[in-house]
Novice: 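If you scroll down you'll find the structure; I have some questions about it.
Numbers for residues simply follow the sequence, beginning at 1.
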Amino acid sequence: MAKLVFKRDSQFMNKMRKFDIYLNESKTEQIKDGETKQLDVAPGEYIVKLQIDWVESATHKIQIGSDDTVHFQCGSRLKGMKILKASSAMNTVDEYIYLEKK
């Protein structure tokens, strides 16, 4: 079985909030602050993104084989003084929350 592994940074920003994990436009799972989440999926093509409220990460289109494992890193790019710009970052994809394929 193929695996998708999501590792979320532990950060002050959104510490008490869960990110929704979407596969092919369907909410599949949630990931907490500092958590690593592994999803077993069927081989095939997937569109992967994260969402919190109306704010989305970048979208990744992946092809995964039966024995493949794809790793993602996620969190917020708003760190330090950038937290003060949180309201304007909500309209920017991959800023308030990000998703990177590793």
Novice: Within the distance-only criterion (no hydrogens, no angle test), does the side chain of Ser57 pair as donor or acceptor with the backbone N or O of Leu50 below 3.5 angstrom?
Specialist: yes
Novice: Taking the side chain as every heavy atom from C-beta outward, state whether Thr59 and Val48 have any atom pair closer than 4.5 Å.
Specialist: no
Novice: Just checking Gln63: does its CD atom have more than 12 heavy atoms from other residues, nucleotides or ligands closer to it than 6.0 angstrom?
Specialist: yes
Novice: Check Ser76 against Tyr96 and note the closest heavy-atom contact, atom names and distance.
Specialist: OG-O, 2.8 Å
Novice: To the nearest 0.5 angstrom, please state how far the NZ atom of Lys18 sits from the NZ atom of Lys37.
Specialist: 8.0 Å
Novice: Consider only side-chain N and O atoms of Gln51 and Asp20, and report whether a donor and an acceptor are under 3.5 Å apart.
Specialist: no
Novice: Excluding sequence neighbours, so at least two apart, what forms ring pair (Phe, Tyr, Trp, His ring centres under 6.0 Å) with Phe6?
Specialist: Phe72
Novice: For Gln73, check side-chain hydrogen bond (donor to acceptor under 3.5 Å, both in side chains) against everything at least two apart and list the hits.
Specialist: Asp9
Novice: Between Glu100 and Lys7, is there a side-chain N and carboxylate O pair less than 4.0 Å apart?
Specialist: no
Novice: Tell me every residue that passes side-chain hydrogen bond (donor to acceptor under 3.5 Å, both in side chains) with Asp53, counting only those two or more places apart in sequence or in another chain.
Specialist: Arg17
Novice: Can you list the residues that meet the side-chain hydrogen bond (donor to acceptor under 3.5 Å, both in side chains) rule with Ser10, with sequence neighbours excluded?
Specialist: Lys15, Asp33
Novice: Is Glu35 salt-bridged to Arg8, going by a charged N under 4.0 Å from an acidic O?
Specialist: no
Novice: Give every donor-acceptor pair under 3.5 Å between a side-chain atom in residues 39-47 and any protein atom, sequence neighbours left out.
Specialist:
residue : atom : partner : partner atom : Å
Asp40   : OD1  : Lys3    : NZ           : 3.3
Tyr46   : OH   : Ala42   : N            : 3.3
Tyr46   : OH   : Ala42   : O            : 2.6

Novice: If you round to the nearest 0.5 Å, how far is OH of Tyr22 from CG of Asn24?
Specialist: 13.0 Å
Novice: Rounded to the nearest 0.5 Å, how far does CD1 of Ile97 lie from CD1 of Ile31?
Specialist: 11.0 Å
Novice: Going from CG on Leu99 to CD1 on Ile21, what distance comes out if it is rounded to the nearest 0.5 angstrom?
Specialist: 8.5 Å
Novice: With Gln38, which residues qualify under side-chain hydrogen bond (donor to acceptor under 3.5 Å, both in side chains), at least two apart?
Specialist: none
Novice: Looking only at heavy atoms, what is the nearest atom pair of Gln30 and Lys27, with distance?
Specialist: NE2-NZ, 3.6 Å
Novice: Is there a side-chain contact between Val70 and Val5, using heavy atoms and a 4.5 Å cut-off?
Specialist: no
Novice: Can a donor-acceptor pair be found, under 3.5 Å and without considering hydrogens, that links the side chain of His60 to the backbone of Lys49?
Specialist: no
